[in-house]
Amino acid sequence: MATLKDIARALDLSITQVSRALNDHSDVSEDTRLRVKDAARAMNYHPNASARKLVSGRSGMVGLVVPQHRTIGQDGIFLEVVAGLSAQFSGRGMQFVLHIMAEHEPAIPVYQKLIGKALLDGFVLIDPQDQDPRIDFLRKSGIAFVVHGRTGKAMDYPYFDIENEQLAHELTMHLAARGHRRIAFLNGVAGRSYVTRREAGYRRALRDSGAEDLPRLQLNGEMDEATGLTATIRLFSGDAPRPTAIVCGNLRLARGVYQALSALELTVPGDISVVAHDDELPNLRASAFFPALTVTRAPLRDSWDPLVGCLVGAIEGKPVSELQRIGSYGFIEGASVAAAPTAQSASNR
């Protein structure tokens, strides 16, 4: 494996010039920087993390800490997160480290150990909670981090997020505008910040439209097909008035809803209208549903570049105000919504 000395000798430069070019220092010309990086690739040069830390104060390594669970290897969203972040950091010449802790292991001691080794420049936090101790700990530790989402009242940290409250409001209002007044909401696991924000948007829409705010129509759980199926069966069991429309937190929940409604011999949208948020996960398209789903759309893959950019900015010491970004979402109308049934027919359901 080549060393800095080998590259310097090949290009007739000093070791200091080569090191500064590889680390993108501003006093190195663009021509020299490109020559050095081309030579480093051709000679299969890979910097030693410890040596890099000594020279620049940075290792070029960042981490993601997640808990183990039984199906982690089959979790499509998790794999999408890891692959997307890894590719983005790699494209910036950085190393992305995945640390999987034990399923019920406390998170803070894990971060303490990783920070104590002084090899990581920063962390990406995913799935933030309403009151997330990781954010407080990392803020007090003085190490760079970025959050995929927002939580807490004092949001004085880097983040990338979408307007989860607004998209839930828009989906619910779309149903209310078609006359629906009993609208169910299948949301994610309670306590996660995006789940709380979406619930706020849903309930605000109920107030704005005069629709019924019924706790039994608001169900939380893992955002997967099985939860969508069982939650729908639950909504249509018993003697209580049933919903005429359902808002789903993602397409996996919606697929379970469609399956359950089919088993109950109910049609979309003839009997029940359905809308969802679409993260545009691989192999799952809203247009492939029959009938095609009405959705808000914000591809999860669009998160990786801004998240990485914000963390790199935090490592470089940029102001927090420059490292807080909100992504956009779109609204796509499918064929899964119809006017609410008449009061008489609805009362017979």
Side-chain angles (χ1 to χ4, degrees), residues 66-67 69-72 75-78 81 103-104 107 125-134 147-152 161-176 180 182-207 211-238 240-261 264 272-279 281 284 293 295-296 298 300 329:
V66 296
H69 60 83
R70 286 174 294 176
T71 60
I72 193 168
D75 187 336
I77 294 180
F78 171 72
V81 170
E103 189 169 0
H104 300 294
L125 304 188
I126 61 174
D127 286 335
Q129 304 296 307
D130 287 333
Q131 302 297 327
D132 200 309
R134 299 175 300 171
V147 182
H148 189 201
R150 290 168 289 169
T151 186
D161 200 6
I162 59 174
E163 294 288 8
N164 281 295
E165 179 176 341
Q166 185 57 34
L167 68 85
H169 182 273
E170 185 166 351
L171 286 170
T172 308
M173 288 298 293
H174 181 72
L175 295 169
H180 294 277
R182 291 200 305 273
I183 303 170
F185 187 25
L186 306 190
N187 204 356
V189 176
R192 292 177 179 170
S193 61
Y194 74 92
V195 172
T196 300
R197 288 177 179 272
R198 290 183 183 181
E199 179 184 341
Y202 161 78
R203 299 190 71 179
R204 178 162 60 89
L206 297 182
R207 293 193 301 272
E212 298 179 75
D213 189 347
L214 303 173
R216 65 179 180 79
L217 298 185
Q218 302 167 38
L219 303 178
N220 294 83
E222 294 295 337
M223 298 176 73
D224 55 29
E225 194 171 323
T227 299
L229 191 152
T230 56
T232 305
I233 297 297
R234 179 178 168 185
L235 286 170
F236 288 88
S237 299
R242 300 169 178 183
T244 63
I246 303 174
V247 179
C248 301
N250 71 2
L251 293 197
R252 298 197 297 183
L253 284 168
R255 186 157 62 180
V257 169
Y258 268 50
Q259 291 176 348
L261 293 175
L264 293 169
I272 307 296
S273 292
V274 182
V275 297
H277 177 64
D278 181 9
D279 299 299
L281 299 174
L284 193 57
L293 267 173
V295 296
T296 50
L300 192 60
Y329 70 86

Expected list for residues 185-194: side-chain donor-acceptor pairs under 3.5 angstrom, two or more places apart:
residue: N187; atom: ND2; partner: V195; partner atom: O; Å: 3.0
residue: S193; atom: OG; partner: P128; partner atom: O; Å: 3.3
residue: S193; atom: OG; partner: R150; partner atom: O; Å: 3.2

Identify the residue among V275, D278, L171 that makes a side chain to side chain contact (heavy atoms under 4.5 Å, CB included) with T296.
-> L171

Rounded distance (nearest 0.5 Å) linking atom CG of L261 with atom CD1 of I272 | 6.0 Å

What residues, two or more places apart in sequence or in another chain, satisfy side chain to side chain contact (heavy atoms under 4.5 Å, CB included) together with Q259?
-> E225, L229, R255

List in chain and number order the residues that pass side-chain hydrogen bond (donor to acceptor under 3.5 Å, both in side chains) with Q131, two or more places apart in sequence or in another chain; answer none if no residue qualifies.
-> none

Does Q129 reach the main-chain N or O of D127 with its side chain, forming a donor-acceptor pair under 3.5 Å?
-> yes

Is a side-chain N or O of T227 found less than 3.5 angstrom from the main chain of M223, in a donor-acceptor match?
-> no

Side chain of D279, backbone of L281: donor and acceptor closer than 3.5 Å?
-> no

For the residue pair L253 and D224, what are the closest heavy atoms and their distance?
-> CD2-O, 3.5 Å

Partner set under side chain to side chain contact (heavy atoms under 4.5 Å, CB included) for A205, not counting sequence neighbours | H169, T172, M173

Residues at least two apart in sequence or cross-chain that pass salt bridge (Lys or Arg N to Asp or Glu O under 4.0 Å) with D132, listed by chain then number, are R134

Residue set satisfying ring pair (Phe, Tyr, Trp, His ring centres under 6.0 Å) with H148, at least two apart, ordered chain then number -> W304

For S273 and A245, indicate whether the former's side chain and the latter's backbone hold a donor-acceptor pair under 3.5 Å.
-> no

Mark yes or no for whether R198, through its side chain, and N164, through its backbone, hold a donor-acceptor pair below 3.5 Å.
-> no

Where do H180 and A211 come nearest, in terms of heavy atoms and distance?
-> O-CB, 4.3 Å

Heavy-atom closest pair (A260 atom, I233 atom, distance to 0.1 Å) is CB-CD1, 4.1 Å

Got a donor-acceptor contact below 3.5 angstrom from the H277 side chain to the G249 backbone?
-> no

